[in-house]
2 protein chains.
Amino acid sequence: MFESSTIKDIARALNLSTSTVSRALRDSYEISAGTKKLVMDYAQQVNYRPNPNALSLKERRSKSIGIVVSEVANHYFSQAINGIESIANSRGYTVIITQTHESFEREKTNVQHLASRSVDGLLISLSAETSDVSHLEQLHQRGLPIVFFDRVPERIDTFKIIADNAKGAYEATSHLIRSGHLKIAHISSSAHLSISIERLTGYTDALHENGLSIHPEYIKNCPHGGMIQDEVETAVKELLSLKNRPDAIFVAGDRLTMGCMHVLKKLNMLNPTKIAIAGFSNSDVLDLFNPPITSVFQPAFDMGQLATEKLLELIEAKFPVTEFERNILQTRLFIR
Amino acid sequence: MFESSTIKDIARALNLSTSTVSRALRDSYEISAGTKKLVMDYAQQVNYRPNPNALSLKERRSKSIGIVVSEVANHYFSQAINGIESIANSRGYTVIITQTHESFEREKTNVQHLASRSVDGLLISLSAETSDVSHLEQLHQRGLPIVFFDRVPERIDTFKIIADNAKGAYEATSHLIRSGHLKIAHISSSAHLSISIERLTGYTDALHENGLSIHPEYIKNCPHGGMIQDEVETAVKELLSLKNRPDAIFVAGDRLTMGCMHVLKKLNMLNPTKIAIAGFSNSDVLDLFNPPITSVFQPAFDMGQLATEKLLELIEAKFPVTEFERNILQTRLFIR
DNA sequence: TTGAAAGCGCTAACAA
DNA sequence: TTGTTAGCGCTTTCAA
């Protein structure tokens with residue numbers, strides 16, 4: 001149905017060989033100015049576009065990168081994607097976005113699919129369900145460039161771009177303490193995720209430093225990072241029914257914060273005099289609440305940009321890269 | 001760097017010809033059971049994946065579709081994308097998402113890029129800046145399957161999936177009237193967009209039907225659909241400084257609704273006793289406000305699914321399709 | 001039942 | 001300066 005003209009067409013039309021046309025289009029020094037102009041003009045006229053599949057086949061690279069995130073309807077990720085796009089597009093790469101919806105199975109399928117789609121590299125933030133990363137390890141060992149951001153695995157040695165989660169969590173928790181809350185609970189994504197571990201550390205550090213003890217029953221995990229609202233609802237309800245009911249919650253994620261607020265709203269408890277909330281979120285909607293909600297903002301756009309730069313470094317490296325950094329970007333506490 | 005095994009490798013290893021391997025892998029009737037098993041097993045063992053570029057080149061299709069939306073950080077679009085993905089993936093298609101950020105230039109670049117990336121079809125919602133659609137018309141005429149959703153052009157004859165914008169707007173406006181508001185303003189995206197026109201119709205219909213007159217100064221357009229917050233701010237401020245100040249605003253979009261609320265918040269006017277708001281939005285965050293905000297919900301997921309089904313119908317059609325429908329899906333008013 | 005060869009669009013080594 | 005040819009991975013016609 002949809003056919004665009006090829007080098008062959010141009011060659012035939014101009015009575016030249018395909019190689020001459022190819023070289024002319026690529027502005028090769030071997031071609032005379034006259035021929036070049038002839039070819040270029042005609043190509044322009046018929047709106048010639050090189051066939052990317054042919055190019056990929058020939059050059060053994062697709063000039064595309066794959067992204068794996070939980071979901072685009074999450075301000076952290078949509079901002080990160082904007083950062084990724086900005087770098088990738090400017091360097092001539094297409095971006096293929098896939099969503100796991102926090103499912104391990106979908107992560108495996110997506111990664112498999114991207115790899116077999118012959119992307120040149122992968123940008124991944126692990127799903128909440130993912131603890132086994134052998135599907136990625138395998139690809140990594142076979143030489144596929146991978147950069148992790150946000151939720152990163154321990155085991156695989158490559159570039160990792162993360163926010164200073166511990167510090168962000170520490171600041172948010174400290175803020176709650178300074179605001180007069182002494183019984184601070186913590187709701188987080190699945191326990192094994194890097195971000196959960198780091199944010200938990202920040203939370204406990206802040207409590208310790210302020211002479212508050214840690215109550216294990218104050219710490220709740222939602223194994224699906226808030227994708228399953230029932231998990232959030234159960235967590236919040238359990239917290240609220242504790243004998244020693246917390247007076248604040250530090251929530252460790254964008255979706256979780258919203259989920260939590262929905263539960264509290266439903267219970268008519270969405271009010272800091274009843275229970276205060278502070279959480280990780282990149283959504284500016286928190287501004288709109290009355291009273292507004294303090295949140296930890298991650299430099300998502302910058303993280304996306306940096307991750308992409310690192311990935312392109314790997315992809316375009318002349319020699320195998322063996323030295324990897326772990327870049328930690330600073331979060332920002334929006335006190336509201 | 002990252003090489004996976006090819007049919008050639010398998011052929012060499014098993015001492016067969018590439019064509020035999022190819023046929024065995026495709027379970028061709030011409031190949032003996034023994035050879036098939038041999039090949040299949042070995043392929044499994046070396047984790048053989050067909051090279052999609054070679055396939056695309058050969059079959060002249062890429063099994064991928066391109067999406068063009070304003071931005072993924074918009075609940076309407078992220079939900080539509082989920083719908084698109086659900087159908088596309090189940091039918092073996094990869095999806096390439098691009099964002100225009102409401103810019104005409106970026107729309108042209110993205111469309112151009114997708115077309116030259118040899119996607120098999122395009123799913124498009126026009127950018128707020130787009131009034132000239134010749135870049136799409138051209139591709140359409142050359143036979144590229146295109147389905148429009150949400151913001152659709154008049155001129156191009158193909159499948160179009162839209163919400164019943166007029167009715168949705170009518171209901172939201174009527175709701176405001178029923179709630180006692182008589183001076184209802186309207187903030188919308190750029191005036192030429194199909195959704196703006198349709199929503200304006202619903203708005204004026206509701207006013208007329210209730211014996212209210214239309215004040216042109218009550219109707220404001222933001223040419224960038226809320227991407228430029230200054231435009232929203234100006235619009236709101238102009239409305240608020242009118243001698244005959246409106247007591248309600250019907251806002252015609254997801255991002256615009258949020259933008260509007262930010263401005264009102266800044267002016268300490270985010271309160272229905274001062275000025276009420278009702279708008280098109282697919283975000284459930286509106287639930288959380290006190291008092292909550294009434295909104296028109298579009299069946300974004302369903303629209304995405306339907307659009308994809310129609311697109312695949314076009315892509316996989318044996319004969320050129322010349323009969324096109326315009327599917328109108330019902331919105332839902334969430335009275336809060 | 002299997003293999004040889006051509007061709008999808010493109011680039012590049014080699015020849016002229 | 002331009003042309004011929006081979007090959008990237010795959011399918012498919014034709015031949016054996």
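A, B, ... follow the sequence lines: proteins, then strands. Residue 1 opens every chain.
Dashed line: the shortest gap from a side-chain N or O of A/Arg26 to OP1 or OP2 of C/dA12 is under 4.0 Å. Remark: B/Thr20 is not in phosphate contact with C/dT1, judged by side-chain N or O atoms under 4.0 Å from OP1 or OP2. One finds a side-chain N or O of B/Tyr48 lying less than 4.0 angstrom from the OP1 or OP2 phosphate oxygen of D/dC10. Look at B/Ser17 and you'll find a side-chain N or O under 4.0 angstrom from OP1 or OP2 of C/dG3. Using a 4.0 Å cut-off, some side-chain N or O of A/Arg60 falls inside it from OP1 or OP2 of D/dG9. A close approach under 4.0 Å does not occur between any side-chain nitrogen or oxygen of B/Lys36 and OP1 or OP2 of C/dT1.
In this structure, the side chains of B/Lys63 and B/Thr94 stay at 4.5 Å or more apart for every pair of heavy atoms. The shortest side-chain heavy-atom distance between B/Ser116 and B/Gln112 falls under the 4.5 Å cut-off.
A/Ser56 comes within 4.0 angstrom of no nucleic acid atom, judged by non-hydrogen atoms across all strands. Within 4.0 Å of A/Lys58, counting heavy atoms only, lies at least one base atom of the nucleic acid. At the heavy-atom level, A/Ser19 lies under 4.0 Å from base atoms of the strands shown.
Remark: C1' of C/dG3 and CD1 of B/Ile31 are 10 Å apart, rounded to the nearest angstrom. In this structure, the CD1 atom of A/Ile10 is 11 Å from the P atom of C/dT11, given to the nearest Å. Put simply, CZ on A/Arg23 is 12 Å from P on D/dT1, counting in whole angstrom units. For the pair B/Asp27 CG and D/dT12 C1', the computed distance is 17 Å after rounding to whole Å. In this structure, A/Arg61 places its CZ atom 15 Å from P of C/dC10, rounding to the nearest Å. Atom NZ of A/Lys8 and atom P of D/dG3 are 16 Å apart (whole Å). Taking atom OH of B/Tyr29 as the reference point, atom C1' of C/dT1 lies 11 Å away to the nearest angstrom. Between the CG atom of A/Leu55 and the P atom of C/dG9 there is a distance of 12 Å, given to the nearest Å.
The side chain of B/Ser22 has D/dT11 as its nearest neighbour among C/dC10, D/dT11, C/dG3. Checked against D/dT1, C/dT2, C/dG9, the side chain of A/Thr6 finds its nearest nucleotide in C/dG9. Closest approach to the B/Leu16 side chain among C/dT11, C/dG9, C/dG3 is made by C/dG3 (side chain taken as heavy atoms from C-beta onward). The B/Glu30 side chain lies nearest to C/dT1 when the options are D/dT11, C/dA4, C/dT1. Comparing atom distances between the A/Thr18 side chain and each of C/dT2, C/dT11, D/dT2 picks out C/dT11 as nearest.
When each of B/Leu136, B/Ile161, B/Ile162, B/Leu311 is paired with B/Phe148, the side chain to side chain contact (heavy atoms under 4.5 Å, CB included) condition holds for B/Leu136 and for no other. Of the listed residues (B/His135, B/His192, B/His224), just one forms a ring pair (Phe, Tyr, Trp, His ring centres under 6.0 Å) with B/Phe104, and that residue is B/His135. When each of B/Thr130, B/Thr100, B/Asp150 is checked for a side-chain hydrogen bond (donor to acceptor under 3.5 Å, both in side chains) with B/Ser125, only B/Asp150 meets the rule.
Side chain to side chain, B/Ser70 and B/Arg151 meet the donor-acceptor criterion of an N or O pair below 3.5 Å. For the residue pair A/Asn47 and A/Ser5, no side-chain donor N or O sits within less than 3.5 Å of a side-chain acceptor on the partner.
Within the 3.5 Å criterion, the main-chain N or O of B/Pro52 finds a donor-acceptor partner in the side chain of B/Ser56.
Direction of the helix axis in the helix from C/dT1-D/dA16 to C/dA16-D/dT1 shifts by 50° between the two five-pair termini, rounded to 10°.
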